[in-house]
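Here's the structure, in structure tokens; my notes come after.
As the structure lists them, so they are numbered: ligands from 1, and atoms in each ligand from 1. Start at 1 with the first residue, then count along the sequence.
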Amino acid sequence: MKPCSFRIFAKAFVPALALMLGACAAQPPMARTAPPPADAGLGLVSAADGRAADAGAQILKAGGSATDAAIATMLALNVVEPQSSGIGGGGFLVTGDAAGRIETYDGRETAPAAARPRWFYNGETRMGYRDIIPGGRPVGVPGNVRLAAMAHARHGKLAWKALFQPAIRLAREGFVVSPRLNASLALFKDTAGFDPEGRALFFGADGAPVPAGTTVRNPALADILGRIADKGADSFYIGENAATIAAKVSASPGAPASMTTADIAGYQAKMRPPTCGKYRVWRICGMGPPSSGVVIVLQALGALERFDLKAMGPTSPTAWHLIAEAERLAFADRDKYLGDPDFVAVPVAGLTDPAYLSGRSALISENATIAAVSAGSPAGAPTTFASAAPIEEHGTSHFAAVDRWGHAASYTSTIESGFGSGLMAHGYYLNNELTDFNLVPERGGKPTANQVEGGKRPRSSMSPVLVYGPDGRLRIATGAAGGLTIPVQVIRILIGTLDWGMTARDAIAQGAVMPAPDGLVVEAGTPLEAMVPALIALGHGNVRAVPMRLKANAIEWTGTAEGGHWTGAADPRSEGASATP
Ligand code: GLU
């Protein structure tokens with residue numbers, strides 16, 4: 001594992017600067033110009049819903065770039081998969097051009113200025129999830145619209161307005177409710193405080209969720225999308241829409257919280273230095289802090305590199321044991337060091353330094369389980385933070401696009417939990433992203449890196465990545481939804497494709513092994529279930545097979561420099577699909 005920035009900065013004898021910057025500068029010496037082969041076609045989009053993939057494909061067909069297509073897909077997902085993502089939430093976008101130049105866009109939500117470390121306390125009592133959702137307290141200022149505007153300004157080929165048309169059509173003319181949306185709605189059937197606007201859209205007069213197969217129109221969403229299309233991103237952040245969001249949050253019947261129109265107007269999307277590293281012959285790039293996603297991916301793969309996973313193969317319990325051990329080590333570092341880089345110094349270069357990772361890897365044995373995993377001491381590690389226990393979460397969508405010019409976009413968009421905060425403004429759900437902060441800010445008298453602060457972005461696990469082969473060509477664009485399982489899903493997709501020679505679809509279909517405080521969780525109904533006794537014998541304690549809500553998407557290039565093709569891969573656990581222009 002060779003994190004590119006560390007190499008660049010170390011060469012320049014200013015490692016301290018690299019640590020201060022806290023992230024890997026991504027323009028890697030190994031990037032080579034590799035124009036797409038002639039049969040790359042007009043590109044491809046892969047998303048968790050075929051109608052959103054189609055929206056992106058329409059944009060590619062009209063001459064749009066991968067970034068244009070990804071934005072159109074993000075907007076269409078808001079309509080057809082409203083429980084997972086949209087303009088009421090945030091996301092991360094990773095773009096790569098044909099020469100492998102990477103940019104990462106941070107559209108993560110921010111806490112309102114009034115937020116404090118004990119934001120989720122009522123006096124001395126910490127509020128539970130049920131006290132704050134549905135409610136205003138966990139809502140962060142949404143980031144996706146300004147992210148889209150920033151990325152479009154740099155990579156857009158079509159007019160901004162054009163990107164909104166497929167989503168507006170779906171919202172205005174209606175879309176058919178999927179079985180997954182119906183099942184998600186059923187969970188909220190009796191939830192008091194679930195916004196009446198959302199109830200009117202998605203529940204019948206009898207209080208039951210609209211059945212799968214019903215056509216639903218969302219004119220309020222069509223109108224606000226039309227307004228943003230015509231007037232630009234500022235119309236989301238300034239004026240009537242901002243006032244509506246602020247009022248929803250401040251006057252929420254459950255857990256109201258201060259959010260002002262100034263909080264919303266002041267939101268900024270940010271371009272961050274990408275975080276890249278090398279795994280065997282492949283270069284992997286993704287979104288650094290405030291996401292912990294690609295740091296976990298690079299750390300785990302770095303610790304695994306010395307093992308011959310290829311020889312072991314996917315049926316080997318030892319291989320999955322090693323993967324789980326590498327993930328446990330990475331999660332321990334994440335819990336201690338990762339947070340918003342505008343507020344805390346995140347030692348990304350130290351965490352992904354090959355020497356540090358080989359020290360971490362040395363803790364792993366093929367025959368036994370590490371008894372007690374704790375965070376390491378990477379170069380640049382601040383001593384002021386305590387480790388904090390992670391929290392489970394669900395609800396997000398990943399999608400990817402490639403275009404005729406060989407550019408790629410890998411985008412994960414989220415409102416955090418299913419239906420986010422449960423509050424709706426203009427037909428879109430407002431996120432509950434602030435629950436990704438450490439709800440308990442301190443441990444042992446020390447603050448945690450991911451405590452709530454006004455204006456701060458909560459730490460994420462989202463891991464949109466782009467993977468380049470030794471020839472400099474894009475090999476895979478991938479990412480996932482599913483809270484803390486996200487980096488775990490991405491790790492097993494990359495090991496599946498890169499080490500085990502699987503197609504991306506087969507690699508996604510594999511089960512996953514997720515570290516848990518008392519052992520491991522493996523996905524029920526997959527071949528991993530049969531490995532439970534072997535994993536227990538290796539010392540993993542409580543290993544249980546449970547259904548896991550996994551959802552990943554990918555685009556991969558199969559072929560050589562002379563020829564080949566893009567293939568989309570959607571999760572068989574979802575209605576995901578890919579579409580070509
Ligand atoms: N909010 C989560 C994160 O940023 C993702 C939510 C999910 O996929 O369940 O890490």
May I have the step-by-step check of salt bridge (Lys or Arg N to Asp or Glu O under 4.0 Å) for Asp131 and Arg126, ending in yes or no? CA-CA 9 Å; Asp131 303 323; Arg126 183 167 73 76; over 6 Å; no

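Between Phe194 and Phe188, the ring planes lie parallel to each other; the angle is under 30°, not in the 30° to 60° tilted range.
Atoms of ligand 1 found under 4.0 Å from any heavy atom of Gly482, numbered from 1 in the order shown, are 7 (C), 8 (O), 9 (O). Distances below 4.0 Å separate heavy atoms of Glu433 from the following atoms of ligand 1: 1 (N), 2 (C), 4 (O). Atom numbering of ligand 1 starts at 1 in the shown order; those under 4.0 Å from a heavy atom of Gly483 are 6 (C), 7 (C), 8 (O), 9 (O). The ligand atoms of ligand 1 that sit less than 4.0 angstrom from a heavy atom of Thr396 are 5 (C), 6 (C), 7 (C), 8 (O), 9 (O).
Contacts of His398 with ligand 1, taken as heavy-atom pairs under 4.0 Å, are absent altogether.
Side-chain atoms of Ser410 and His398 form a donor-acceptor pair, as typed in the model, at a separation below 3.5 Å.
For ligand 1, none of its N or O atoms has an N or O atom of Ile486 under 3.5 Å away. Between Ala481 and ligand 1, no N or O atom pair is found at a separation short of 3.5 Å.
Residues satisfying the salt bridge (charged side-chain N to carboxylate O under 4.0 Å, His left out) test with Arg573, not counting sequence neighbours, are Glu523, Asp571. Among residues two or more places apart in sequence or in another chain, the salt bridge (charged side-chain N to carboxylate O under 4.0 Å, His left out) test is passed with Asp506 by none.
For Arg459, the closest heavy-atom approach to ligand 1 does not fall below 4.0 Å.
The heavy atom nearest to atom 2 (C) of ligand 1, considering only Asp436, Thr414, Leu484, is found in Asp436.
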